[in-house]
*Asks:* 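Okay, handing you the structure first.
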Amino acid sequence: MPKAVYRSISKGFPESGENIVWISGHEKSAAYTSKQAKKHLLCANCETAFSQNGEDKVLPLMAKPNGFKLATKIKKFKKLSGVKDEVWYFPSNDDSALGFLYFAVSIAWRLSCTDWSNYGMPETKNSIRDENMLSFSKFLLGNTELPSNTFLAVYVDNQKVDTPSMGFPTVKNHTGYQHIVFNIPGLKFSLLAGNDPGAGIRETFSHNKTNVYFISRSLKTHPDYHFSADFLKTKAVAKGRLAKEFSAKNV
């Protein structure tokens, strides 16, 4: 994940930043840490491209203590539909949509191009199928306008973001496609890649040439949030200083 996201959480939320908790689903643990998951993967030109084409367009819009720009801007986007507690919107313009798509694809590409298991994650190298990685690479290098058979939904929290979090990508394999999910403060990225994502997905995205939608909803009512909360309560084992704090509270 870009270091700017770490910096935003640790420096932008001073009441929480000094107490960042690292939660590992793979190791079933939770502990305070200042460690960042980082490797030297990119040449100078690619680093510049990843920043200018994706990070610079997305990160200023995520939730921060002084405001959540995208949560305000989305209210002016053209509405596609409303379903239950979700409102789907078209992107404000193609440039914005492509910036979010580039950012999401770059995160997914970084996950699968090397192994991150030293950081408490399962083995990630080659977790994304070859045909999807080839499509991602061509798009990131500027050889194609869009990655083929790739669809992005960006969930935008419509509630106060009082617990800033960042979630590393997870990949769920399905017949015909893969589902890649990750989050940064206030935003949840849901990326589908594959030649057969289903007729429903193709129909929904057929109205949008950029293959990107923005969805306003409460992220705390999303099933993934409840799954994470249940994991913390019932499965994660606190370690180090966090374990000592829990023990002191229970005395």
Side-chain angles (χ1 to χ4, degrees), residues 1-9 22-26 35-43 46-63 70 91 96-142 144 146-157 164-173 177-194 210-215 219 224 228:
M1 300 291 280
K3 62 182 179 181
V5 180
Y6 288 95
R7 186 166 57 247
S8 174
I9 296 175
W22 172 277
I23 303 165
S24 171
H26 182 60
K35 181 173 65 174
Q36 297 181 18
K38 57 184 179 180
K39 288 187 176 184
H40 182 73
L41 297 176
L42 306 174
C43 67
C46 288
E47 188 74 51
T48 298
F50 277 34
S51 296
Q52 293 181 348
N53 296 331
E55 295 167 22
D56 292 351
K57 297 181 179 181
V58 173
L59 300 187
L61 299 177
M62 69 182 181
L70 188 56
S96 175
L98 290 175
F100 274 83
L101 184 59
Y102 194 99
F103 177 76
V105 168
S106 74
I107 296 296
W109 180 88
R110 277 179 273 204
L111 174 80
S112 188
C113 73
T114 190
D115 181 34
W116 297 94
S117 58
N118 288 340
Y119 295 94
M121 289 181 274
E123 186 173 339
T124 60
K125 189 172 184 179
N126 299 323
S127 55
I128 297 176
R129 294 167 184 158
D130 289 345
E131 62 270 25
N132 294 330
M133 282 294 281
L134 179 60
S135 173
F136 289 174
S137 296
K138 288 180 178 179
F139 174 61
L140 294 173
L141 290 171
T144 59
L146 293 172
S148 59
N149 300 311
T150 303
F151 309 89
L152 174 64
V154 181
Y155 291 88
V156 183
D157 203 341
S165 64
M166 173 180 63
F168 292 100
T170 59
V171 181
K172 297 179 181 179
N173 294 315
Y177 72 97
Q178 292 181 292
H179 188 194
I180 305 156
V181 179
F182 68 94
N183 67 281
I184 61 177
L187 301 174
K188 182 180 185 66
F189 291 77
S190 177
L191 190 69
L192 298 180
T210 63
N211 288 346
V212 178
Y213 282 114
F214 293 88
I215 305 168
L219 294 187
D224 287 355
S228 298

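Quick note: residue numbers are just sequence positions, from 1.
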*Asks:* With rounding to the nearest 0.5 angstrom, report the CG to CG distance, L61 to D56.
*Replies:*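 Between atom CG of L61 and atom CG of D56 there are 11.0 Å.
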*Asks:* What about Y177 and F151, are their ring centers closer than 6.0 Å?
*Replies:* no
*Asks:* Hey, are the side chains of T124 and F168 touching, using non-hydrogen atoms and a 4.5 Å cut-off?
*Replies:*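 T124 does not reach F168 side chain to side chain.
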*Asks:* If every non-hydrogen atom of V212 is compared with every non-hydrogen atom of A97, which pair is closest and at what distance?
*Replies:*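 Here V212 and A97 meet closest at CG2-O, 3.7 Å.
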*Asks:* Within a strict 4.5 Å, meaning less than it, do heavy atoms of the I215 and K188 side chains meet?
*Replies:* no
*Asks:* Side chains of L59 and M62: closer than 4.5 Å at any heavy-atom pair?
*Replies:* yes
*Asks:* Side chains of V58 and Y102, heavy atoms from C-beta outward: is any pair under 4.5 Å?
*Replies:*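 No, every pair of side-chain atoms sits at 4.5 Å or beyond.
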*Asks:* Please report the shortest heavy-atom distance between K125 and D115, naming the atom on each side.
*Replies:*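 The answer is CB-N, 3.9 Å.
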*Asks:* Between S96 and P91, is there a donor-acceptor pair closer than 3.5 Å when you use the side chain of the first and the backbone of the second?
*Replies:* no
*Asks:* Does any non-hydrogen side-chain atom of F103 lie less than 4.5 Å from one of L187?
*Replies:* no
*Asks:* F100 versus K57: any side-chain heavy-atom pair under 4.5 Å?
*Replies:* no
*Asks:* Less than 4.5 Å apart, side chain to side chain, heavy atoms only: is that true for N53 and T48?
*Replies:*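 No, side chains not in contact.
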*Asks:* My understanding is that only residues two or more places apart in sequence, or in another chain, count here; which of them pass side chain to side chain donor-acceptor pair (under 3.5 Å) with D157?
*Replies:* none
*Asks:* Using side chain to side chain donor-acceptor pair (under 3.5 Å) as the criterion, list what pairs up with S190, not counting sequence neighbours.
*Replies:*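 With neighbours one apart ignored, the set is H179.
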*Asks:* Mind running side-chain contact (heavy atoms from CB on, under 4.5 Å) on T150 and N211 for me, showing each step along the way?
*Replies:* CA-CA 7 Å; T150 303; N211 288 346; 5.9 Å; no
*Asks:* If every non-hydrogen atom of I128 is compared with every non-hydrogen atom of M133, which pair is closest and at what distance?
*Replies:* O-CG, 3.6 Å
*Asks:* Below 30° counts as parallel, above 60° as perpendicular, anything between as tilted: where do the rings of F189 and F182 land?
*Replies:* parallel
*Asks:* Say whether, by atom type as modelled, one donor and one acceptor occur between the side chain of S135 and the main chain of S148 under 3.5 angstrom.
*Replies:* yes
*Asks:* Could you tell me which residues satisfy side chain to side chain donor-acceptor pair (under 3.5 Å) with S51, sequence neighbours excluded, listed by chain and number?
*Replies:* none
*Asks:* Do any N or O atoms from the side chain of S112 and from the backbone of S127 form a donor-acceptor pair under 3.5 angstrom?
*Replies:* yes
*Asks:* Nearest 0.5 Å, what's the CH2-CG distance between W109 and N132?
*Replies:*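 It comes to 15.0 Å.
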*Asks:* Got L101 and L191 here, is their nearest side-chain heavy-atom distance under 4.5 Å?
*Replies:* yes
*Asks:* Can you give me the closest heavy-atom contact between S165 and N183, atom names plus distance?
*Replies:*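 Looks like OG-ND2, 3.2 Å.
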